[in-house]
Structure formats: structure tokens, C-alpha cells
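Throughout, protein chains are lettered first and strands after them, A, B, ... in sequence-line order, and every chain is numbered starting at 1. It should be emphasised that the depicted structure is a prediction, and the values quoted were computed from it without experimental measurement.
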Protein chains: 2
Amino acid sequence: MFIFVRMHSTVKKSRKVQIEEKATTLFREKGYAATSMRDLAQVLGIEAASLYSHIKSKEELLQKICFRMADRFFDAWKEVETEQNSYAAKMQKAAIAYVQVITQNTDASAVFFNEWRHLSEPHLSKFLSMRNDYEGRFIEIIEKGIAAGEFQQVDSKFMMLAILSSLNWTHNWYKPNGKLSPEDVANKLSNLILNGLKK
Amino acid sequence: MFIFVRMHSTVKKSRKVQIEEKATTLFREKGYAATSMRDLAQVLGIEAASLYSHIKSKEELLQKICFRMADRFFDAWKEVETEQNSYAAKMQKAAIAYVQVITQNTDASAVFFNEWRHLSEPHLSKFLSMRNDYEGRFIEIIEKGIAAGEFQQVDSKFMMLAILSSLNWTHNWYKPNGKLSPEDVANKLSNLILNGLKK
DNA sequence: TCCTGTTGCTAACGAGCGTTAGCATGTTTA
DNA sequence: TAAACATGCTAACGCTCGTTAGCAACAGGA
């Protein structure tokens with residue numbers, strides 16, 4: 001057995017982690033409801049019943065994926081709080097932090113954005129309130145930016161939705177091995193948001 | 001029996017149309033895979049087996065919803081072709097036409113954007129090629145706008161994705177009876193796209 | 001009046017679902 | 001060496017799935 005975590009490539013992943021990873025991929029590709037435990041078992045080369053030696057339920061997998069992503073987004077926000085110059089700069093930092101989380105976890109992001117509605121209570125409510133919290137942080141930046149005279153006078157909630165939706169979409173096309181780094185993507189997007197398409 | 005189509009409110013809808021409408025709502029709320037024919041039958045007050053006097057299969061419902069939306073998007077594009085002034089104006093017209101289709105069909109839009117992957121072949125391929133066609137039209141406007149010196153020099157495909165994603169998101173929050181008209185939404189969004197958030 | 005179309009039912013089909021029980025094997029830890 | 005853990009199996013549970021067969025009631029048009 002290897003010593004725990006030496007290099008990424010040589011880590012022996014626990015079966016549980018392997019299951020979670022394959023589940024993430026499958027949930028992304030086929031959707032949560034359309035992915036069966038037998039599908040999941042098959043890609044791991046075991047029987048469906050064997051999965052239950054490692055996990056509690058199918059939904060537990062979804063919960064792990066969704067709330068782990070939520071944690072990553074909140075963690076990334078710490079970067080935003082360090083920014084003290086302008087609200088434009090703060091918005092840019094928020095976009096960069098956000099896009100970085102997405103591009104570093106494209107499969108989990110897709111599940112996070114598309115499959116959360118299959119969470120049961122009370123997880124669903126918790127998820128929605130976290131999302132609400134996060135969206136509020138973007139609204140706050142926009143509103144303070146308007147008050148400070150930096151931004152156009154726009155409907156802040158409306159603008160938050162437009163901005164986040166273009167950031168959220170990133171997981172659908174971003175290729176981790178492509179020519180664009182997460183920073184490139186985030187910078188291009190925040191440039192579009194702040195300055196628009198026109199010259 | 002009423003004469004066919006006199007007023008919206010007094011039209012006697014065929015059972016088939018009623019089924020398609022309820023299916024659209026359910027597919028939107030629960031997702032295609034998680035919606036059962038028994039669910040659908042229940043909201044109509046009939047037995048699941050009775051549905052099959054009117055429709056061929058569950059997937060046929062999804063196909064109808066998806067391709068009817070696709071038709072609406074292509075229809076709406078005719079408006080864009082009439083615009084001859086500037087590429088900014090053309091982009092604005094495209095955004096308006098697009099958002100109008102979405103806001104006038106929020107449930108069907110949600111299904112169109114989220115459930116298309118459950119289409120089987122050859123419908124899936126047809127769907128994807130139509131989407132590709134449509135995206136290409138946005139790319140063309142962006143590229144010609146850049147060539148004409150109207151737009152910043154940006155990656156046109158990247159920009160198309162960012163723009164469409166913020167338009168696509170509209171169905172998630174738009175309230176048909178709210179204070180914003182489809183035109184309002186479209187104008188605000190195209191203003192953001194063209195001019196950005198900054199003053 | 002007969003025909004055709006619309007609408008709906010009950011009963012049932014084979015298949016797949018998530019999950020549990022109970023057991024076996026090998027590996028690590030004490 | 002013994003206990004504990006990790007990993008996997010077969011068999012099966014109760015349930016739901018989409019769908020079909022066959023039949024019945026009623027409407028509108030010829």
C-alpha cells in the first residue's frame with residue numbers, strides 16, 4: 001500500500017471515492033434520474049448490490065456532489081473579500097474565483113447546476129438557501145458599484161442573473177486541456193460583463 | 001362544439017393538446033426521466049393507459065416540445081434578417097427575437113434547454129445540428145461586427161456562448177405576469193451584452 | 001341508422017428500479 | 001493469531017416503469 005497522498009498520479013483512491021467520481025460523470029452525462037445503480041456498478045466492474053458496502057444510497061451521492069461544490073464556491077469567495085480597490089475589480093475577482101471553481105470541476109459543476117432539484121428535503125431547502133446567499137453577494141457588489149457611481153443604473157437582481165448565467169454556462173464547453181486557462185476564461189467573461197461587446 | 005379558434009379563452013383544446021401542455025409543465029418541474037406516464041395521467045384525471053389513445057409514446061411528447069421550440073426560434077430569426085443598419089442593431093434584434101420566444105414559452109423553453117439529451121437518435125442528432133446552425137448565426141453577427149470595427153476583437157465562439165447563455169437563462173426567472181415585458185427583458189440584456197455594466 | 005373518431009377503462013406484460021440480507025474472501029491492525 | 005475492516009458476491013424484495021390488448025361508451029357526420 002502507498003503512503004497516503006504522495007503524488008496525484010500514484011494515490012490509491014478508496015473505492016468510495018472511485019464510486020463518487022464515476023457517479024459524477026454518469027450523473028452529468030445521463031442525468032441523475034436516468035442513471036441507475038446498475039449503470040454505475042457496471043462502469044466500476046462490480047455488481048449494483050456491492051455499491052452498498054461503500055455508500056448509503058443513490059441520493060447520498062448526489063448530496064455529496066452538490067454540497068461539495070457549494071463548499072468550493074464559498075471557499076473561493078474568500079479571494080473576493082481581499083479586494084478593496086473598486087467594485088469593478090471586486091466583480092472581476094468574484095467572476096474569476098467562480099469560474100475557476102467551475103473549470104476545475106466541470107463534471108461536478110454540471111451536476112451541481114442541473115441535478116440539484118432531485119435532492120430531497122431538507123437538503124433541497126438548504127441548497128436553495130445557500131444559492132440565495134451566494135446570489136446576494138453578487139447583488140451587493142452590483143448595488144454598491146451603482147451607489148459608488150461605477151456601474152450603470154441597472155436592476156441589480158436582473159443583472160446578477162444575467163452575469164451568473166453566463167458564468168454558469170462555462171462547464172458546458174470548457175475543456176480542461178484546451179488552450180484557455182481558467183484565468184483566461186474568467187478574464188474574458190468579466191471583460192464582457194464590465195465593458196460589453198461594443199468598442 | 002365550438003368553432004375552431006375563436007378566442008384563446010374559449011377554445012376547446014383537443015385532449016392531445018392538453019396532454020402535451022401538461023407534459024411540458026411536468027417535464028419542466030421534475031425532469032423528463034423523473035416524470036412517469038402515471039404522473040402525467042394523474043394531473044389529467046385519467047389512467048396512464050388512456051394516454052396512449054392520443055399519443056404514441058412518452059418520447060414523442062419530448063420530441064414535439066423540443067422541435068416545436070426549435071421552429072419558434074427559427075421563425076423568430078426572420079425578424080433579424082430585416083435589420084440592415086449595424087451589427088449592434090442586428091445583435092439587439094437577435095436578442096430580442098430570441099428572448100421573446102423564451103418568455104412566451106417558459107415551460108417549453110426549460111424543457112428545450114434541459115431535457116433534449118433524452119432524445120433518441122436520429123432526433124438527437126437533428127436537434128444538435130439545428131442548435132449548431134443557430135449558434136453559427138450569432139457567431140456570424142459577432143464576426144462581421146468585429147470586421148466592421150463595431151465590436152471589440154474577441155473570440156467569436158466564446159462570445160456567442162457567453163451571450164446565449166445569459167439569454168438562455170431567462171426562462172428560469174421570467175414571470176409572464178410580472179412587470180417586465182419580453183421587450184424590456186430583451187433590451188436590458190442586449191444593453192448589458194453590448195455596453196457592459198460599467199459606466 | 002351506421003360508421004368513424006374520440007375518449008376512457010381494466011388487466012396485464014416484461015423489464016428495470018433502489019435496496020437489503022446473508023455470506024465469502026482477503027487484507028490490515030492490534 | 002485473532003479481530004476488524006474492505007470489498008464483493010448471489011438472491012431476492014417490493015415497487016414502479018412504459019406500454020399493449022381488448023373492450024366500452026358516446027359523439028358527429030354520412
K.L.:
To the nearest angstrom, how far is B:I19 atom CD1 from C:dT6 atom P?
P.N.:
12 Å
K.L.:
Looking at C:dT10, D:dT10, C:dG18, which one has an atom nearest to any side-chain atom of B:A49?
P.N.:
C:dT10
K.L.:
Return the value, rounded to whole Å, for the distance between atom CE of A:M37 and atom C1' of D:dC15.
P.N.:
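Rounded to whole Å, this separation is 17 Å.
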K.L.:
Can you find a pair of side-chain heavy atoms, one from B:R68 and one from B:E20, that are under 4.5 Å apart?
P.N.:
yes
K.L.:
Can you tell me if A:H54 touches the phosphate of D:dA6, counting only side-chain N or O atoms and a distance under 4.0 Å to OP1 or OP2?
P.N.:
no
K.L.:
State which of C:dT19, D:dT10, C:dG8 makes the closest approach to the side chain of A:Y52.
P.N.:
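Minimum distance to the A:Y52 side chain belongs to C:dT19.
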K.L.:
Can you tell me how far C1' of C:dT19 sits from NZ of A:K58, to the nearest Å?
P.N.:
12 Å
K.L.:
Between P on C:dT7 and CG on B:L51, what's the gap in Å once rounded to a whole number?
P.N.:
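After rounding, the gap between these two atoms is 12 Å.
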K.L.:
About how many Å separate CE of A:M159 and CD1 of A:I139, when rounded to the nearest 0.5 Å?
P.N.:
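The CD1 atom of A:I139 sits 11.5 Å away from the CE atom of A:M159.
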K.L.:
Rounded to whole Å, please give me the gap between CD1 in A:I55 and P in C:dT19.
P.N.:
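Rounding to the nearest Å, CD1 of A:I55 and P of C:dT19 are 7 Å apart.
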K.L.:
D:dC17 C1' sits how many Å from B:E47 CD, rounded?
P.N.:
15 Å
K.L.:
Please determine, for the side chain of B:S36, which listed nucleotide (D:dG18, C:dT19, C:dC9) has the closest atom?
P.N.:
D:dG18
K.L.:
Would you mind telling me which of D:dT19, C:dG18, D:dC9 lies closest to the side-chain atoms of A:I46?
P.N.:
D:dC9
K.L.:
Check this for me: does the side-chain of A:S53 come within 3.5 Å of the base of D:dG8 through a donor and an acceptor?
P.N.:
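Side chain to base: pair found, below 3.5 Å.
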K.L.:
Hey, is the main chain of A:S120 close enough, under 3.5 Å, to the side chain of A:E59 for a donor-acceptor pair?
P.N.:
yes
K.L.:
Between atom CD in A:Q42 and atom C1' in D:dG8, what is the gap in whole Å?
P.N.:
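Rounded to whole Å, this separation is 17 Å.
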K.L.:
Between C:dT7, C:dC9, D:dG18, spot the one nearest the side chain of B:R15, thanks.
P.N.:
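The answer is C:dT7, which lies nearest to the side chain.
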K.L.:
Confirm from the modelled atom types if A:R38 and C:dG16 form a donor-acceptor pair under 3.5 Å, side chain to base only.
P.N.:
no
K.L.:
What nucleic acid atoms does B:S50 come within less than 4.0 Å of, heavy atoms only: base, sugar-phosphate, or nothing?
P.N.:
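B:S50: base contact, heavy atoms under 4.0 Å.
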K.L.:
For A:D39 and C:dG18, what is the distance between atoms CG and P respectively, to the nearest whole Å?
P.N.:
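The distance from CG of A:D39 to P of C:dG18 comes to 8 Å, rounded to the nearest Å.
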K.L.:
Is there a side-chain contact between A:I193 and A:L167, using heavy atoms and a 4.5 Å cut-off?
P.N.:
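Yes, side chains in contact.
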K.L.:
Are there over 12 heavy-atom neighbours, none belonging to A:K188, within less than 6.0 Å of that residue's NZ?
P.N.:
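Counting neighbours around NZ of A:K188, more than 12 heavy atoms of other residues, nucleotides or ligands fall under 6.0 Å, so yes.
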